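As structure tokens, the structure follows; a few thoughts come after it.
All residue numbers in this chain count up from 1 along the given sequence. Being a predicted model, the structure only gives us computed values, none of them experimental.
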Amino acid sequence: MKFNILDHNNVPEHTILTDDEISEIFSDVEYEIDQLPKIKINDPVVEAIGAKEGDILKITRESETAGTFISYRLVKS
């Protein structure tokens, strides 16, 4: 039996951003996309959602103290 990591309670929602979403979100930031925090290509969630190197992931976490918290990661090898 294979376990689906995306069904685990402690794994936040991960989505792959489209080119349009990337342009909209990062159009007015003062840093380069390569400066985003990295997530490894062999991370179990990256593999489960089919992300490729160079993709940007939107990670949405729910927190009792912060509410909804969104972070972004660049997929790298």
Distance in Å, Ile56 CD1 paired with Leu17 CG, rounded so as to fall on 0.5 Å steps: 6.0 Å
Distance (rounded to the nearest 0.5 Å) between Ile49 CD1 and Thr15 OG1: 7.0 Å
Please set out all donor-acceptor pairs under 3.5 angstrom arising from side-chain atoms of residues 3-13, sequence neighbours excluded.
residue: Asn4; atom: OD1; partner: Leu6; partner atom: N; Å: 3.0
residue: His8; atom: ND1; partner: Asn10; partner atom: N; Å: 2.9

Of all pairs that satisfy ring pair (Phe, Tyr, Trp, His ring centres under 6.0 Å), the ones with a partner from residues 12-49, not counting sequence neighbours: Phe26-Tyr72
Ile59 reachable from Ile25 in the ILVMFWY side-chain graph, under 4.5 Å edges: no
Ile33-Leu57 co-clustered via ILVMFWY side chain contacts under 4.5 Å: no
Sequence neighbours excluded, every pair satisfying side chain to side chain donor-acceptor pair (under 3.5 Å) that has a member inside residues 54-64: Arg61-Ser71, Glu62-Thr68, Ser63-Thr65
Closest contact, heavy atoms only, Ile16 versus Ala51: CD1-CA, 3.7 Å
With a cut-off of 3.5 Å and sequence neighbours excluded, list every side-chain donor-acceptor pair involving residues 35-45.
residue: Gln35; atom: OE1; partner: Glu32; partner atom: N; Å: 2.8
residue: Lys38; atom: NZ; partner: Asp34; partner atom: O; Å: 2.5
residue: Lys38; atom: NZ; partner: Leu36; partner atom: O; Å: 2.8
residue: Asp43; atom: OD1; partner: Val45; partner atom: N; Å: 2.9

ILVMFWY cluster membership beyond Phe69 - transitive side-chain contacts under 4.5 angstrom: none
Residues that Ser23 engages under side chain to side chain contact (heavy atoms under 4.5 Å, CB included), provided they are two or more places apart: none
Glu24 atom CD, neighbour heavy-atom count above 12 within 6.0 Å: no
